[in-house]
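Just the heavy atoms: all of them, side chains too, but no hydrogens, waters or symmetry mates, feed the values below. Please read all numbers here as calculations on a predicted model, not as lab measurements. Note on naming: letters A, B, ... go to the chains in the order of the sequence lines (proteins, then strands), and numbering restarts at 1 for each one.
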Amino acid sequence: MRKTPLFSVSGLRKSYGAQLGCRDVSFDLHPGEIMGIVGESGSGKSTLLSCLAGHLAPDHGDVCFDVDGTGLVSTLAMPEPERRLLARTQWAYVHQNPRDGLRMSVSAGGNIGERLMNIGARHYGNIRQDACSWMDRVELSVGRIDDRPATFSGGMQQRLQIARNLVTSPRLVFMDEPTGGLDVSVQARLLDLLRSLVQDLGLSVIIVTHDLAVVRMLAHRMMVMQRGEIVETGLADQVLDDPQHPYTQLLVSSVLQV
Amino acid sequence: MFKITQLSKTFHLHTQQRAEIPVVCDVGFAVHPGECVALTGESGSGKSTVLRLIYGNYLARTGSIRVGSTEIVAADPRTILELRRTTLGYVTQFLRVLPRVPTTRVVAEPMIEAGHNATAADAHARNLLRRLRIPETLWNLSPLTFSGGEQQRVNIARGFAYDYPALLLDEPTASLDAINRQTVLDMIGNAKQRGCAIIGIFHDHAARKAVCDREIDISQFAAA
């Protein structure tokens, strides 16, 4: 791992009127690192992720990214077109509901190809070939490439969304409950797939989830949120096996053992 | 290789009547390269806790744990991850892996993470699995479907796959038959010969006698 951060957040705060979204959030993410953010519903983790990915404007604080390997620059101070380009090329965002991240009326291949065309790819044959190879990589049958995602199961849609996101070789991927809403056998397959892709491509990932097993299997580090604040942070297995904060202890001890 | 001084650990259980459970107090010992030291003491005396503190899996607040030149107490997560990748191995009692990942990959992974090329790592993984008598027909399957003894041997293969300079072993010979037990003891002996410093928990008295140079009774560090 390189010594300088890829992504850095400082003093982030977002409120909705009097309602607090998140506050005082600061952390660094290095290349190849996977950060898990856990907390119950309403703890502010999705708000935080939206602020990090530039979907929401925070009230305070800064979100910096090392765009070209020369050091961190503020993504908030960037002109809008530049930030959009960043979101299309170096970042990716995997939504909990694949319908939010896919174009349901466009074929599976089209969904993958669109991201490539957005960054300038024009050669139909190459785009189609890339789409095929990504279908295969996320374990979707290439024979379904011309089918619309509406005809896919939830797990297949989620894998298609991942292919669409990773085809442009992003360096940082935001994931919002990527395994939420899938049955457990599909979850295991998706986790395994995500882990090998992340390893092979050297991706940095920020993953929001309420599933502690996902964090244990995927994340290097984790942060625990409660009522908009980070109450504990550390090495993922240490926080799970020896939680210090009362809320983390409650979360960890509430998991049912199978 | 290991130097532990004035290490104490207390668990604060906020959700269970704010119970405070002091486990160990003022632990101090050192282990040199090529040496294998057994932690002894009755069940509940804190042997596994000490291993976990050294691995950074439990959070130590006081004292010092040095592994090579790295201080574990108050180290940031990145330092511990780097130490685990290149220096410190840990064979736990139970195998914990993702479903669906083939056994050869599970075993080869620590080598790949430490920077070996995938083909060499895979070949080495196969050798280890053969040595630990895991039937070749199982190698492409996930170890989660294996018997307890097979899982433990896969776990040992994984722990010994990369030549770490320092190793923690939590009952590596429990639930193994005589032949496999001897293989594991030979592997521990080989690791010592190449200069690996080892701290282990061995309930098996004969195994302890065979590979350990010293014993440290953890109950002497019982918290008052």
Counting only non-hydrogen atoms closer than 4.5 Å, can you tell me which residues of residues 159-170 of chain B sit against chain A? none
Measure distances from B:E113 to the heavy atoms of chain A and classify the residue's part below 4.5 Å as side chain, backbone, both or neither. side chain
Could you check whether any side-chain N or O of A:E232 sits under 3.5 Å from a backbone N or O of A:V224, counting only pairs where one atom can act as donor and the other as acceptor? no
Checking salt bridge (Lys or Arg N to Asp or Glu O under 4.0 Å) between A:D242 and each of B:R52, B:K9, B:R61, which is the one that passes? B:K9
Taking the six-membered ring for Trp, are A:F174 and A:W91 parallel (under 30°), tilted (30 to 60°) or perpendicular (over 60°)? perpendicular
Given that the side chain runs from C-beta out, which part of B:F11 has a heavy atom under 4.5 Å from chain A: side chain, backbone, both or neither? side chain
Heavy-atom closest pair (A:L102 atom, A:P149 atom, distance to 0.1 Å) is CD1-CB, 4.1 Å
Which atom of A:R227 lies closest to which atom of A:L20, heavy atoms considered: O-CD2, 3.6 Å
Expected output: side-chain A:N165 to main-chain A:Q161 donor-acceptor under 3.5 Å: yes
Determine yes or no for a side-chain-to-main-chain donor-acceptor pair under 3.5 angstrom, with B:E71 supplying the side chain and B:I65 the backbone. yes
Taking every non-hydrogen pair under 4.5 Å, which of B:L13, B:T15, B:V97, B:N57 racks up the most with chain A? B:N57
Taking B:K3's backbone N and O only, do any of them form a donor-acceptor pair with B:R66's side chain (distance below 3.5 Å, no angle check)? no
Toward chain B, the part of A:Q244 with a non-hydrogen atom under 4.5 Å: both
Between B:R105 and chain A, with a heavy-atom cut-off of 4.5 Å, which part of the residue counts as in contact: side chain, backbone, both or neither? side chain
Classify the angle between the aromatic ring planes of B:Y90 and B:Y55 as parallel (below 30°), tilted (30 to 60°) or perpendicular (above 60°). tilted
Please classify the contact of B:L59 with chain A as side chain, backbone, both or neither, using a heavy-atom distance under 4.5 Å. both
